[in-house]
Amino acid sequence: MRRIVSVLLENESGALSRVVGLFSQRGYNIETLNVAPTEDPTLSRLTLTTIGDDKTIEQITKQLNKLVDVVKLVDLTEGSHLERDLMLVKIRTGAEQREEIKRTVDIFRGQIVDVGPEIYIVQIVGTGDKLDSFISAIGYAEVLEVARSGVAGISRGDKILSV
Amino acid sequence: MEKLSGSEMVVRSLVDEGVEFIFGYPGGAVLHIYDALFKSKSIPHILVRHEQAATHAADGYARATGKPGVVLVTSGPGATNAITGVATAYMDSIPMVVLSGQVATHLIGEDAFQETDMIGVSRPIVKHSFQVRHASDIPITIKKAFHLASTGRPGPVVIDIPKDLTKPDELFEYSYPETVKLRSYFPARRGHMGQIKKAVRLLLGARRPIIYAGGGVILGGASDLLRELAECVNFPVTNTLMGLGSFPASSSQFLGMLGMHGFYEANMAMHNSDVILAIGVRFDDRVTNTVSKFCPGAQIIHIDIDPASISKTVPADLPIVGEVSTILTEMLKQLKEENRKINSIVEKNSLDDWWRQIQIWRKENGLWSDRRYPESEHIMPQQVIECLYRVTHGDAFVTSDVGQHQMFAAQYYRFEKANRWINSGGLGTMGFGLPAAMGVQLAFPDQTVVCVTGEGSIQMNIQELSTCTQYNLPLKIVNLRNNYLGMVRQWQDMQYEGRHAMSTYEDSLPDFTKLVSAYGHLGFEIKELADLEDIMKEAFSMKDKLVFLDISVDPAEHVYPMHVAPNGAMNDMWLSKSKRS
């Protein structure tokens, strides 16, 4: 089962490697990983998606909690939550395809954020599924490059992950 | 406020932390610290002959005293040599603080001379680690390290100190913090009261109960409570390899060690139990045998300070997270209250059938109820440990290396007290025994400290005989010499049709008696059983000399019982070369 785990991490060098190292050391997988500082400069928020059965997920959260650099964590998939992944796609496009691509981008509520003589750069935000669907929807065009942020997530309602 | 240099702060912080010994080895990156240590004359420093031995010695000290062991090594090879000892301590949850030198800050990352990323190398085998960024952070970092190493589930903590931060000419205001608070570290203390009450009810209803107690009882200083609890409910008790000594071997309630080389009665009782009270254990694969076949009829109550130990391999029916001592205290209180209500703790006769069955198992195949090893023209290794037990009146500190001799020591030395049996259980580190014994002897200079070893293990850190000379450590080393890597040979006999691939040394073993005398010690070779007890008594009567007993034992003997693997359950054991349970 797919899980989204969000972690508040001490914003210190080496903290990230402890988290990532834990996963490789114990044979857990990371599907996506996203990490950036929060409004509190001493804390980073790290969100990762992983796949495992309940027993594995329980071990992952327990082992993460044991890391001294992990201040707090939540398994977002335990409750109602929002998840977003941001994707930048560089597409080669001739004049005849431009309209069609524009229409597809609109359908996916994306934006064309850069335009070159033969290049569009498209930005799409959404769940991983939506981004995958966009890539297959423009199968007719030549996708040159894809950059995805990995999933960021947050609980719905008044549930808060903070110190 | 007092002003000190970075290196002086390192030494003063250790003094203020109450450190009794530093085990270490100097080198470029830590020379400032060594100079400060030399000038302060405050803490005795034990110069080992290899950094691995520094960590094992600190580890032995920690296991015997319960206090964190302290190690000081230089950068690069000094740090990497220490790694095996750090991993050993990590696997057995031993409190240790390792100070490693690092190249100067401006050189980090440039592949400088003797540079190793110690934080990176040690990451998977430490409880936590710090690289100091500013000299003024040294006292608080050291305080945090000791706090982390010794609280909760203990473990090793590394502090990496770049050389420039220890410069003697830059001074900083020094004060050692009284306490420390980490916003993300709150080790569990009290167990959940509802869970404890449920556990007590389960225990009182049990008809085939067993207490399975491990190293966590010793680390948590809860041996007396364990004994009180076991006596209160009249349950049988088995110990893990790491838990030996947490329950007195002389008690009629003690079933011996369990697991791969555990006692028949212990493994049988576990397998047939209806309630297991697991205390400070981690259901290690050397205990459980095949997990899916583990104790099919048992409800498991699991007490541990580390939530990650709960249901890691075997699911717990009733987990209680917290300090063993506080939980057992509360359990005892509850049991006594229940006792008043139902008028007898466990109705007097309710365990009679269970104890009758246990006595049958004991009589059938118990290691202590009858001689369970073959007659031989050679001295049998089991006889040596039995003799050692008699000669030392069961009251020595016994360290061991890893292999058959370790299992024989665990089976035949009947430990009465906690912190007396000192071995590398989790990592299984050959070379552990001798340096660990040094740490124990330093902590307890007037006590008998024995290292039970084999000719394979002892050669992995034999250079420490020189350290023993320097500090007059009167260890007694019992070398069970069978001229094979015995445990490897045993597996090759059992699983590889007796092909002894690279498990012997041909004729290249040293004359150990000459070797130890070259280091200034005394050695005796023993070949005849008739000489064993007399020579051993003589050796142990020499209180101020290190004596090495090189004892030639049966080369073909195996350790039994031994779990049948793969796919065996707790009760599937080889009891001898031809007999299965």
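Just so it is clear: chains get the letters A, B, ... in the order the sequence lines come, proteins before strands, and each one is counted from 1.
Crowding of R189(B) atom CZ: a count of heavy atoms from other residues, nucleotides or ligands under 6.0 Å not exceeding 12. Applying the 6.0 Å contact sphere to CD1 of I154(A) captures no more than 12 heavy atoms from other residues, nucleotides or ligands. By the 6.0 Å contact criterion, CZ on R109(A) is open, its count of non-hydrogen atoms from other residues, nucleotides or ligands being 12 or less. Annotation for K143(B): atom NZ counts as buried by contact number, over 12 foreign heavy atoms lying within 6.0 Å. Atom CG of D53(A) is surrounded by more than 12 heavy atoms from other residues, nucleotides or ligands within 6.0 Å. By the 6.0 Å contact criterion, NZ on K293(B) is enclosed, its count of non-hydrogen atoms from other residues, nucleotides or ligands being greater than 12. The 12-atom threshold is exceeded at NE2 of H81(A), counting heavy atoms of other residues, nucleotides or ligands nearer than 6.0 Å. Counting heavy atoms of neighbouring residues, nucleotides and ligands inside a 6.0 Å radius, atom NZ of K130(A) exceeds 12 of them.
Contact annotation for K55(A): only side-chain heavy atoms (C-beta onward) come within less than 4.5 Å of a heavy atom of chain B. Heavy-atom distances place the backbone of V70(A), and not its side chain, under 4.5 Å from chain B. The contact between I310(B) and chain A is made by backbone and side chain atoms together, counting heavy-atom distances below 4.5 Å. Using a 4.5 Å cut-off between heavy atoms, L22(A) contacts chain B through its backbone alone, with no side-chain atom that close.
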side-chain contact (heavy atoms from CB on, under 4.5 Å) evaluation trace for T42(A) with R183(B): CA-CA 12 Å; T42(A) 68; R183(B) 64 174 164 181; 3.0 Å; yes
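Across all non-hydrogen atoms, the minimal contact from E58(A) to S311(B) is OE2-CB, 4.4 Å.
In this structure, R133(B) and S13(A) have side chains that are in contact, with non-hydrogen atoms separated by less than 4.5 Å. With a 4.5 Å cut-off on side-chain heavy atoms, D69(A) and H128(B) count as touching.
Taken to the nearest 0.5 Å, the CD atom of Q59(A) stands 6.5 Å off from the NZ atom of K312(B). Residue L43(A) holds its CG atom at 9.5 Å from OG of S184(B), rounded to the nearest 0.5 Å. To the nearest 0.5 Å, atom CD1 of residue I119(B) and atom CZ of residue R18(A) are 6.5 Å apart.
Contacts with chain B were tallied for K72(A), K62(A), E10(A); K62(A) has the most, counting heavy-atom pairs under 4.5 Å. Highest contact tally toward chain B, considering only T56(A), V71(A), V68(A), is held by V68(A) [criterion: heavy-atom pairs under 4.5 Å].
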